[in-house]
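I have placed the structure first, in the form of structure tokens, so that the comments after it can refer back to it.
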Amino acid sequence: MMNHFELQTLLLCVTTCFCIYHTKESHVFPVTFLNVSKNSTLQRLLVEWDVSDSAHESEQEMVFEIQVSQTEEKNVVWTEYYNTTLSKLNKPLFWSWDSELPLECASHSVRIRSKVAEVWSPWSSWKTVLGLPDEPKNIFCETRDMKTAKCTWKSGNNIYISGRYFAQYKLFDWFSQKTLCFEIQASRSKEWCVCSWVIHQQMTYNFTLTAENKLGKKSVNFSFDVAHRVYPFQPSDLWEEYVSASEVKLYWTMEPREKAIDLICQIENNRPDEKVEWYNSSVVHSNTYANIMISGLQPYTIHKFRIRCGAAKHFWKWSEWSKNLTITTKEAAPSGKLDLWRDITPVVGGRNVTLFWKQLPGFQANGRNISYEITWENLEEVTEPEHISISAPHNSTRICIGYHSYRISITAKNHVNSSSPSEIIISGATDNDAEEKISATDKEERVEGTDHGIWIHWQPKDTFDGYIVDWCNFPNSQPCDLQWKRSGFNTSRVLIKAVAFVPGVRYHFRVFGSVANKASLLEKKIGYSKELPPSDPDVKIIGLIPYSVSLAWDSYRTDETQPGFIKGYNIYVKSLQGCNFKGSTKYMAPDGLVWCKYTIKNPEEKRFTVEHLVPNTAYQLAVKAFTGGGETPITQTMNTHALDDRNMRYLPLVLGIIPFVLITAICFWKQKWLKDYCSQIPSPDTKVLSFDGFKVASETELKVSDCIPDAVTLESKSEAKKLNLWSQRTTQEERKTAVTDSSWLSLVPNEDRDFTCSSSDSEAGFWHLKNPVYLSSAAHDCLPYQNLHMLHTSEPQPLPLLYQPQHDIEIMNKDTVVPQREAMSGDTSLIYISQMEVPCSGTRLNDLYCSTEPGECLGYNRNSDLVTSVSDGDLEQYSPISTGTTGTLLLD
């Protein structure tokens, strides 16, 4: 038995559960009202619903789940959650939905439930909107053979319609009061419906077409005249009959045969160039063989024909196309002309002419085995024309002509005949310069390419009837594939478009003016379809000092090997000090580095000095050439280091010392050379040089053996007279005789800056010869040709060297020579015998022979007295110009 405590517990649980259930029931608000309608224009479902008033009073926050289904199977096609807060105004709720399927094609149903505090209410019942069948569309009726007719229409979209709602169609004729077709069933896979019947005698109909299903029905009214809706059968049995190379006759058959109808037919000609030509036949009967003559065909060409036909009266539509008929027309002579051009190259004895030809737009070969017949004839001399034949597909050849004018013609030839000739005239040339040459001052003008090609402009002239522009598609290959383009007389430019143009390749263009088939060169152009950045110069540092660096790239080429016209150079400098160089601009490279930039706008200026450097500083250098296509990125640089200016402080001292060292070395070498060359010159006697006992006008006599002269001076006779050192045995008369008959030989400089003997009586001056070996005075230079000083003696001169150990030499005519030891007085000349030989006239003093042997030196005797002489024979041996001379030794 259950005790009292267990009973109380059970009662408590039952009470609690009841309270909970009652609480839940009190918070559920099911849909109390639901209405569904449709807007056919917008193809939209309109839904309206509501809940109890208590829900509105409590202003509940609610969620509604709405579902939409199609067909009677209630297939749910849409689910949506609608959130809202109810209002105390007790307003109903609204929602709409747009259908992809036309609402007339199927029934649509809607149901709703609500949720409060996670508790759903029960679903409302389904509310349905019924659909209607589609109205039949695209209705047409026709006949093909005039025996039967048919009507066709589109049944509509049946994809989402249930089988029980598929429409059935019925076709009723009001004239005959007959239903021609009934219970024609539509389906999901059947889009078009067809109704056929036998025409008999009735040719006109007034129809009503009705579509009906369980949802409703719709009808369409229309009329049909059989004669106005003829759709002929496809033509068949095509064949041809050749009339000529450009004409052919086509035949074909048609249906129906029993009831003939009048037809017109259309013939389509598909040509090999993909062009289509159309021909229309006259009215033909369907029960006969139709035919048509096709003219204007291209000879020896493949043609494809096909035919279609339609009713001649009340045209409805064309029949299907017949099968293709392929034919090849017969051969004929080539039609049109060839476009002939040439390139002339001067050679020894004449000119090479390379001929090029291409087909003009109107040219047609019209046959097989085409060849090109080329003929050229001299227009200035009566000669037989020359001829060659070139087979296709060649389009160029080379011939050799002389300097006269020539006419060159070309024709195309096949098995039937030849085409009309094309001609050009080559002007005469008097030398190897053909008419391709223009003024030497004219240069090739630069042209720029565009995205569409290269525009070539020229200055037009009234004397020409047309212009030709030629160029090479591949300028770096041989042959260069010469191309040309012609333009009319009223044009001054042409756009050259070539798929063969390559960016970075320089193309050459020539502009010719043409009149009467004769062309003259007018202008030359060069250009690129697109310029590219050029290669980098090979830069060398040619000078580096503390404050500047000099760069050179002399070998850099600016010709057509470059992918653009070189417009100049950019010099880039970078250091840790930043860009602060005078004359430079700051440049930010794509990699973010900052450079100092200098620009040279002359492509032939290939040297540059970067100045204002900081001594003992590292720098990076780069030189870039640029074209219209820009320049390459800075990837390779040169590193250099400005010199320390402390090393330059000693440069002036070094530069000052070098000349002194060089002069000293030269003088030392010269002195050594003179000593080695005249090594037999004796040293001076110090006793004699002292001149302790010497007195002018005294009886003391200086011995020749005691004094060896170290210099030679030629004085005038008046100066010699003052010395008064003549022998007592010399008489006044003898001296006069010597003076009267003397013929003085002077030493004069020749073209080699040396000295020779001269016998001219007109010489007024004498030469003073110094011996550089024994002369220590710093006033004398070391160079050989400066050891001779001319002292003009036209007037009396002072004798500053009177008591110096020097001696005089005088050369006189042999007629004035007095015997040895004879006294001389008066104005006679001072006579001196040098220890060196005095050669004849014309001998260089640099070649003088020196000797210490008595008799070998001219008139010199080591043991002689003051005055010595030589024989006439000895003098004649040394002087062939002067008949005789005498030398006398005398202290200066």
Side-chain angles (χ1 to χ4, degrees), residues 339-346 351-358 396 405 408 424-498 500-531 558-567 603-604 627-628:
D339 186 0
L340 181 62
W341 188 234
R342 84 294 184 275
D343 184 48
I344 303 174
T345 304
R351 293 167 289 176
N352 281 341
V353 179
T354 304
L355 299 173
F356 301 86
W357 59 87
K358 58 185 177 182
S396 67
S405 298
I408 303 176
I424 58 173
I425 304 296
I426 306 296
S427 301
T430 57
D431 52 21
N432 282 352
D433 291 333
E435 69 273 15
E436 311 302 298
K437 186 176 180 180
I438 59 177
S439 174
T441 59
D442 294 339
K443 295 182 179 180
E444 291 180 303
E445 180 184 354
R446 294 182 178 182
V447 293
E448 295 184 359
T450 66
D451 294 338
H452 306 289
I454 301 178
W455 280 103
I456 305 299
H457 298 255
W458 62 86
Q459 187 67 34
K461 296 183 179 180
D462 296 336
T463 56
F464 298 113
D465 56 20
Y467 300 93
I468 305 102
V469 178
D470 69 1
W471 71 95
C472 289
N473 275 342
F474 307 99
N476 297 326
S477 63
Q478 292 297 331
C480 75
D481 185 27
L482 186 68
Q483 304 293 316
W484 68 98
K485 188 172 184 178
R486 297 181 181 269
S487 59
F489 70 94
N490 57 347
T491 58
S492 61
R493 66 173 187 169
V494 66
L495 179 63
I496 305 300
K497 297 186 293 184
F501 283 167
V502 177
V505 175
R506 183 179 296 186
Y507 295 94
H508 298 259
F509 301 89
R510 298 184 300 181
V511 180
F512 294 83
S514 176
V515 58
N517 297 326
K518 182 186 298 184
S520 300
L521 181 61
L522 300 180
E523 301 176 17
K524 290 185 178 182
K525 316 284 184 178
I526 53 174
Y528 296 83
S529 62
K530 181 179 180 181
E531 294 188 58
T558 59
D559 55 11
E560 61 186 19
T561 59
Q562 297 291 353
F565 296 116
I566 301 297
K567 295 184 176 180
E604 300 305 325
T627 66

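Throughout, numbering of the chain's residues begins at 1 and tracks the sequence. Excluded from the calculations below are hydrogen atoms, water molecules and symmetry mates; all remaining heavy atoms, backbone and side chain alike, are included.
The two residues Arg486 and Leu340 have their closest heavy-atom pair at NH2-O, 2.8 Å. Nearest approach of Thr627 to Lys567, heavy atoms of both residues: C-CD, 4.3 Å. Nearest heavy atom pair, residue Tyr507 against residue Asn473, reads CE2-O, 3.4 Å. For the pair Leu482 and Cys472, the tightest heavy-atom approach, listed with the atom from each and the gap, is CD1-SG, 4.1 Å. The minimum heavy-atom distance linking Ile408 with Leu355 is given by the pair CG2-CD1, 3.7 Å. Counting all heavy atoms, side chain and backbone alike, Lys518 lies closest to Ser427 at CD-OG, 3.2 Å.
Note: Phe464 and Phe512 fail the aromatic proximity criterion, with ring centroids not under 6.0 Å apart.
The side-chain tip of Lys358 points at the ring of Trp484 from less than 6.0 angstrom away and within 45° of straight on.
Ring geometry, Tyr467 versus Trp458: the interplanar angle falls from 30° to 60°, so the pair is classed tilted. Aromatic ring orientation, Phe509 versus Phe501: perpendicular (interplanar angle above 60°, classes split at 30° and 60°).
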May I have the step-by-step check of side-chain contact (heavy atoms from CB on, under 4.5 Å) for Leu522 and Lys461, ending in yes or no? CA-CA 10 Å; Leu522 300 180; Lys461 296 183 179 180; 4.3 Å; yes

How far apart are the C-alpha atoms of Ile456 and Val447, what are their side-chain angles, what is the distance that settles it, and do they pass the side-chain contact (heavy atoms from CB on, under 4.5 Å) test? CA-CA 7 Å; Ile456 305 299; Val447 293; 4.1 Å; yes

Under the side-chain contact (heavy atoms from CB on, under 4.5 Å) criterion, do Trp471 and Lys485 qualify, and how do the steps go? CA-CA 9 Å; Trp471 71 95; Lys485 188 172 184 178; 4.1 Å; yes

Between Val502 and Ser529, does a side-chain contact (heavy atoms from CB on, under 4.5 Å) hold up when you go through it step by step? CA-CA 7 Å; Val502 177; Ser529 62; 5.8 Å; no

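Checking side-chain atoms of Thr450 against main-chain N and O of Gly453 turns up a donor-acceptor pair under 3.5 Å. With hydrogens and angles disregarded, a donor-acceptor distance shorter than 3.5 Å links the side chain of Glu523 to the backbone of Gln459.
Results of the side chain to side chain donor-acceptor pair (under 3.5 Å) test with Tyr528 over Arg506, Glu560, Gln562 single out Arg506 as the only residue that passes.
Here the straight-line distance linking atom CG of Asp481 with atom OG of Ser396 works out to 9.0 Å at 0.5 Å rounding. Note that CD of Glu448 and CD of Glu531 are 7.0 Å apart. Values are rounded to the nearest 0.5 Å. Rounding to the nearest 0.5 Å gives a distance of 6.5 Å between CG of Leu521 and CZ of Arg510. Summarising the geometry, atom OG1 belonging to Thr345 is positioned 10.5 Å from atom CZ belonging to Arg342; distances are rounded to the nearest 0.5 Å. Distance CG/Leu495 to NE2/His457: 9.0 Å, rounded to 0.5 Å.
Between Lys525 and Ile454, every side-chain heavy-atom pair lies at or beyond the 4.5 Å cut-off. Taking 4.5 Å as the limit, every side-chain heavy atom of Ser487 sits out of range of all side-chain heavy atoms of Val469. Under the 4.5 Å side-chain criterion, counting only non-hydrogen atoms from C-beta, Asp465 is in contact with Ser514.
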